[in-house]
Protein chains: 2
Amino acid sequence: MATSTVENYLKQILLEQQRVEGSPVPMGKVASALGVVPGTTTTMAKSLADSGLVNYAPRKGVRLTEEGEKLALHVLRRHRLIELFLVEILGLGWSEIHEEAEKLEHVISDKVLEKIDALLGFPTVDPHGDPIPTAKGKIDARSLENLSGCPLGEPLRISRITDQAPEFLRFIENNGLQPGAELKISEQNRVAGTLTFSLSKGKTLTIGASAAKKILVE
Amino acid sequence: MATSTVENYLKQILLEQQRVEGSPVPMGKVASALGVVPGTTTTMAKSLADSGLVNYAPRKGVRLTEEGEKLALHVLRRHRLIELFLVEILGLGWSEIHEEAEKLEHVISDKVLEKIDALLGFPTVDPHGDPIPTAKGKIDARSLENLSGCPLGEPLRISRITDQAPEFLRFIENNGLQPGAELKISEQNRVAGTLTFSLSKGKTLTIGASAAKKILVE
DNA sequence: CGAAGGATTTTATTTGTTCAAAATCAGCAA
DNA sequence: TTGCTGATTTTGAACAAATAAAATCCTTCG
Ligand SMILES: [Mn+2]
Ligand SMILES: [Mn+2]
Ligand SMILES: [Mn+2]
Ligand SMILES: [Mn+2]
């Protein structure tokens, strides 16, 4: 059985892998994402490679093997279904569920997971708009535009927030920018690095480019 | 923060402590209950004593300190609320929940726990009839009679099953002996070690003395 | 009393995970 | 081609848990 630690590494590698298609994930990325010192990830990379879960190229990075990816997708499925469950069934706040799921994802049995899945009506996205892998390990890989690269004037719908930090999520929530919200960009100032848009409720808001990059729309 | 291992030790010590009031819990009991070798518990006993969670008398055993008991009761509360949650909300089988709860009890936050508590309507007993400690750490210590020590003919109601082994629970379930079931003892054969009773539905059943001791009634 | 036997503790090792700090490497800049 | 610099790997150590097997300690029995 994979330990929680191993599951966290695999999931994180999967996440990094999806960002940058093709190339191996450098050890430094993994280390900073998991909050450990770089040397630790080197040790773990070797041990994961020994177990056949990743391919490890020293000084280059890691890539999940088929088996590693299967496992990682399963962890990700658990994580996202749990997040939705915490919001829908237990009524937890949008911004506090990530941390909870981070622990629960390692102890939920398949049986419980499928019960949750059914109770939620077999959902396809989690509360942040992230796609939920199926039990078979398929995941919707459709790539969405982020707010800062969209044309002015057109009606857009927010479909995903790519940052789980509680304070960022609280900002999103306080301004009604959750997945599903509709808006039109009214102005984009490349020089100042700002972007102004109006929500369907009439409110107008200006945010920075870095925040805009974390908001995906369709 | 207490690790899962520490939490398991404390909970187990509490459970043993409640069986035999007063005297310290011998290391051998703890070891066999947790499925570890005796030496391991000695090491742990010292370390728990260092943390002020138990009083350890070498060659005698351990006893929870006030702080240790508080922690243990909190773990027990989580365990039992989770069990009820798994049955009531997720519809899991009566006999499979103990193992699930054994893992979940270590990763559920207070926030989630109180949500579950509310969702279940602030219950006082778990699916096996075991009392659920309050958030403050109070637990109903009322002692019940077990089936083998009850008078013949009187109407009795099963209120607690004191064995979490799946196969025993499945036996209980298959014969409708869950908490709440009513029965009358019709015959007790001390020599043969058997006990015969009739359920409210008319069914008659004979069980051994060892099984009868695990069924508590009022 | 004195030995036997069972329970408990010690001791030496193992596995998994982590850190700190020194060593090494690879790519770029002069 | 060197040498620098930042990323990565190595090395040495620590901590949490656990085992196996030897040593020790009580309690009881003849
Ligand atoms: Mn996690
Ligand atoms: Mn999410
Ligand atoms: Mn447990
Ligand atoms: Mn129970």
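Each chain gets a letter, A, B and so on, in the order its sequence line appears, and its residues count up from 1. Atom set for the values below is all heavy atoms of this structure, side chains included, hydrogens, waters and symmetry mates excluded.
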Quick check: closest heavy atoms across Ala31(B) and Pro38(B), and the distance to 0.1 Å? CB-CA, 3.8 Å

With a 4.0 Å limit, can you tell me whether Tyr9(A) has a side-chain N or O closer than that to the phosphate oxygens OP1/OP2 of dT18(C)? yes

Using the salt bridge (Lys or Arg N to Asp or Glu O under 4.0 Å) rule, take Arg160(A) and Glu145(A) through it: C-alpha gap first, then chi angles, then the decisive distance, then the call. CA-CA 10 Å; Arg160(A) 196 169 166 189; Glu145(A) 291 293 321; over 6 Å; no

Apply the side-chain contact (heavy atoms from CB on, under 4.5 Å) test between Ile13(B) and each candidate in Leu48(B), Leu34(B), Leu53(B); give the one that qualifies. Leu48(B)

Worked verdict on His98(B) versus His128(B) for side-chain hydrogen bond (donor to acceptor under 3.5 Å, both in side chains): CA-CA 10 Å; His98(B) 182 70; His128(B) 309 105; 5.7 Å; no

Round to the nearest Å and state the distance from His106(A) atom NE2 to dT17(C) atom P. 12 Å

Distance, rounded to the nearest Å, where Asn8(B) contributes CG and dA17(D) contributes P: 10 Å

In 5'-to-3' order, the base (B), backbone-only (S) or no-contact (-) status of each nucleotide in nucleotides 8-16 of chain D, using a 4.0 angstrom heavy-atom cut-off, is BBB------

Would you kindly check if the NZ (Lys) or CZ (Arg) of Lys46(B) is within the cone defined by 45 degrees around the ring axis of Tyr56(B) and under 6.0 Å from the six-membered ring centre? no

